[in-house]
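Quick one: this structure, given as structure tokens, is what I'll be asking you about.
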Amino acid sequence: MLLRGIIISKPLPALRFNSTPLQNAPRSYRPLAITGRFSISDGDLQSRGFTLRRTISGLDLDQLNSVFVAVGFPRRDPEKIRVALEHTDALLWLEYEKTRRPVAFARATGDGVFNAIIWDVVVDPSFQGIGLGKAIMERLIDELLSKGIRNIALYSEPRVVGFYRPLGFVADPDGIRGMVYSRKQRKKK
């Protein structure tokens, strides 16, 4: 479902797991890391000069904010970014080794068992088009699935919805499953 920039996705059958151990599950049901089907391997990322990070350790929030602004997000208070990241269940970012700056980032929040929502997927415009966004999304989805989380939603700008479709995200064909709270401003008289 797409509603004011939010995509809610039901798990696709190929992404569901049965109760068998992951190593014995049918190949199409195994997380990407087990099957080794990432579009860019960790080794390839490293050989291109990128370091994959999974914690906020070493992440400069002002530099991350610059990437947010570069892709059109509003500038955020770094202290609020820090609090948001402390309440994040999973995050990935790529550091470009030459500059020691973040160039790609994504995070997910949720209940840790059934549901997760992906937020703040960004790639520095000067690094777009080389597969970094796909690389971090594949790994974030894989991490969520490996935790048993099957209902993964995504907050997205409408103009980039096409990027997420090949990763398995769809508009909800069964109708509205989620809504967004929107408090309208009262007009001054």
Side-chain angles (χ1 to χ4, degrees), residues 2 5-9 11-12 14-15 27-28 30-76 78 81-82 84-85 88-110 116-147 149 152-171:
L2 175 60
I6 293 184
I7 297 175
I8 305 295
S9 173
L12 300 175
L15 297 178
R27 183 171 180 80
S28 65
R30 293 187 218 161
L32 294 171
I34 291 174
T35 60
R37 294 184 301 173
F38 289 135
S39 59
I40 302 173
S41 72
D42 290 358
D44 286 343
L45 286 170
Q46 194 168 24
S47 72
R48 293 180 182 184
F50 301 102
T51 302
L52 180 65
R53 308 272 187 199
R54 294 181 181 271
T55 69
I56 61 173
S57 178
L59 179 58
D60 183 309
L61 300 183
D62 289 323
Q63 292 173 354
L64 178 61
N65 215 357
S66 294
V67 177
F68 288 157
V69 170
V71 299
F73 288 12
R75 183 163 299 280
R76 299 172 176 177
I81 294 173
R82 184 189 63 73
L85 296 181
T88 292
D89 297 317
L91 68 86
L92 287 108
W93 60 284
L94 289 171
E95 178 181 60
Y96 188 50
E97 293 172 1
K98 287 183 181 179
T99 61
R100 294 286 189 224
R101 297 177 68 90
V103 296
F105 177 87
R107 70 186 184 101
T109 59
I117 187 164
I118 297 174
W119 305 93
D120 299 331
V121 180
V122 294
V123 176
D124 184 303
S126 58
F127 290 89
Q128 290 177 1
I130 60 173
L132 301 183
K134 185 175 183 181
I136 60 171
M137 282 297 295
E138 288 172 338
R139 285 161 176 81
L140 186 58
I141 293 166
D142 186 64
E143 183 174 333
L144 296 170
L145 291 172
S146 70
K147 291 178 179 180
I149 298 169
I152 302 171
L154 170 69
Y155 181 81
S156 171
E157 295 293 328
R159 63 186 164 79
V160 293
V161 167
F163 168 77
Y164 297 105
R165 284 192 181 111
L167 293 167
F169 289 91
V170 295

**OP:** Grab the two heavy atoms, one from Leu61 and one from Leu85, that are nearest each other, plus how far apart they are.
**Re:**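 Nearest pair, atom of Leu61 first, then Leu85: CD2-CD1, 3.7 Å.
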Original post:
With sequence neighbours left out, which residue pairs that include part of residues 121-134 fulfil the side-chain hydrogen bond (donor to acceptor under 3.5 Å, both in side chains) condition?
Top reply: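 Sorted pair list: Asp124-Ser126.
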**OP:** For Asp89 and Gly110, work out which heavy atoms get closest and say how close.
**Re:**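 Heavy-atom minimum between the residues: OD2-N, 2.6 Å.
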Subject >> Closest approach of Asp142 to Phe38 (non-hydrogen atoms, all atoms of both residues) >> reply: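 Result for this residue pair: OD2-CZ, 3.9 Å.
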Subject >> salt bridge (charged side-chain N to carboxylate O under 4.0 Å, His left out) against Arg54, all qualifying residues, sequence neighbours excluded >> reply: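 Scan of Arg54 (salt bridge (charged side-chain N to carboxylate O under 4.0 Å, His left out), adjacent residues dropped) gives Glu143.
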Original post:
Measuring from Leu59:CG to Leu64:CG, what's the distance to the nearest 0.5 Å?
Top reply: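 Output value for this atom pair is 5.0 Å.
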**OP:** Measure the spacing between CZ of Arg107 and CD1 of Ile117 and express it to the nearest 0.5 Å.
**Re:**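 Answer rounded to 0.5 Å: 10.0 Å.
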Original post:
Can you check whether Val71 reaches Pro125 side chain to side chain, under 4.5 Å on heavy atoms?
Top reply: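 The answer is yes; the side chains approach within 4.5 Å.
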Original post:
Under the 3.5 angstrom rule, does the side chain of Ser41 hit a backbone N or O of Asp44 as a donor-acceptor pair?
Top reply: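 It does hold such a pair.
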Subject >> Derivation and outcome, side-chain contact (heavy atoms from CB on, under 4.5 Å), residues Phe169 and Val161 >> reply: CA-CA 9 Å; Phe169 289 91; Val161 167; over 6 Å; no
Original post:
Of all heavy-atom pairs between Arg75 and Asn65, which one has the smallest distance, and what is that distance?
Top reply: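 Where Arg75 meets Asn65 most closely, the heavy atoms are CG-ND2, 3.7 Å.
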Original post:
side-chain hydrogen bond (donor to acceptor under 3.5 Å, both in side chains) with Ser39: which residues, sequence neighbours excluded?
Top reply: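 Testing Ser39 for side-chain hydrogen bond (donor to acceptor under 3.5 Å, both in side chains), a comparison that skips the adjacent residues, returns Glu138.
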Original post:
CG of Leu94 to CD1 of Ile136: how many Å apart, nearest 0.5 Å?
Top reply: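 Here the interatomic distance stands at 6.0 Å.
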Subject >> Those residues that, when tested against Phe127, pass ring-ring contact (aromatic ring centres under 6.0 Å, His included) (two or more places apart) >> reply: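 Scan of Phe127 (ring-ring contact (aromatic ring centres under 6.0 Å, His included), adjacent residues dropped) gives Phe50, Tyr96.
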**OP:** Can you sort out the partners of Arg159 under side chain to side chain contact (heavy atoms under 4.5 Å, CB included), two or more places apart, ordered by chain and number?
**Re:**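 For Arg159 the side chain to side chain contact (heavy atoms under 4.5 Å, CB included) partners, ignoring immediate neighbours, are Glu157.
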**OP:** Just jot down the side-chain hydrogen bond (donor to acceptor under 3.5 Å, both in side chains) partners of Thr109, sequence neighbours excluded, or say none.
**Re:**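 For Thr109, the residues satisfying side-chain hydrogen bond (donor to acceptor under 3.5 Å, both in side chains) (neighbours in sequence not counted) are Trp119.
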Subject >> Close side-chain approach of Val103 to Val67, heavy-atom, < 4.5 Å >> reply: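 No; the side chains remain at least 4.5 Å from each other.
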**OP:** Compare every heavy atom of Leu140 with every heavy atom of Ala90, then report the nearest pair and how far apart it is.
**Re:**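 That would be CB-CD1, 3.7 Å.
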**OP:** Identify the two heavy atoms, one from Thr51 and one from Glu97, that lie closest to each other, and give their separation to 0.1 Å.
**Re:**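 In terms of heavy atoms, the two residues are closest at OG1-OE2, 2.7 Å.
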Subject >> Contacts of type salt bridge (charged side-chain N to carboxylate O under 4.0 Å, His left out), residue Asp42, not counting sequence neighbours >> reply: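 If we apply the salt bridge (charged side-chain N to carboxylate O under 4.0 Å, His left out) test to Asp42, skipping adjacent residues, the hits are Arg139.
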Original post:
What pairs with Arg100 under salt bridge (charged side-chain N to carboxylate O under 4.0 Å, His left out), at least two apart in sequence or on another chain?
Top reply: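 Once residues adjacent in sequence are excluded, the partners of Arg100 under the salt bridge (charged side-chain N to carboxylate O under 4.0 Å, His left out) criterion are Glu95.
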Original post:
Looking at CZ of Phe105 and CH2 of Trp93, how far apart are the two atoms once the value is rounded to the nearest 0.5 Å?
Top reply: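 Those atoms lie 9.5 Å apart.
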Subject >> Under the salt bridge (charged side-chain N to carboxylate O under 4.0 Å, His left out) test, residues paired with Arg76 that sit two or more places apart >> reply: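 Salt bridge (charged side-chain N to carboxylate O under 4.0 Å, His left out) list for Arg76, sorted by chain: Asp120.
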Original post:
CD1/Ile118 to CG/Leu91 distance, rounded to the nearest 0.5 angstrom?
Top reply: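 Result: 12.5 Å between the selected atoms.
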Original post:
Looking at CG of Leu132 and CD1 of Ile40, how far apart are the two atoms once the value is rounded to the nearest 0.5 Å?
Top reply: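 It comes to 6.0 Å.
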**OP:** Mind checking side chain to side chain contact (heavy atoms under 4.5 Å, CB included) for Ala116 and listing every partner two or more places apart, or none if nothing turns up?
**Re:**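 Testing Ala116 for side chain to side chain contact (heavy atoms under 4.5 Å, CB included), a comparison that skips the adjacent residues, returns Leu144, Ile149.
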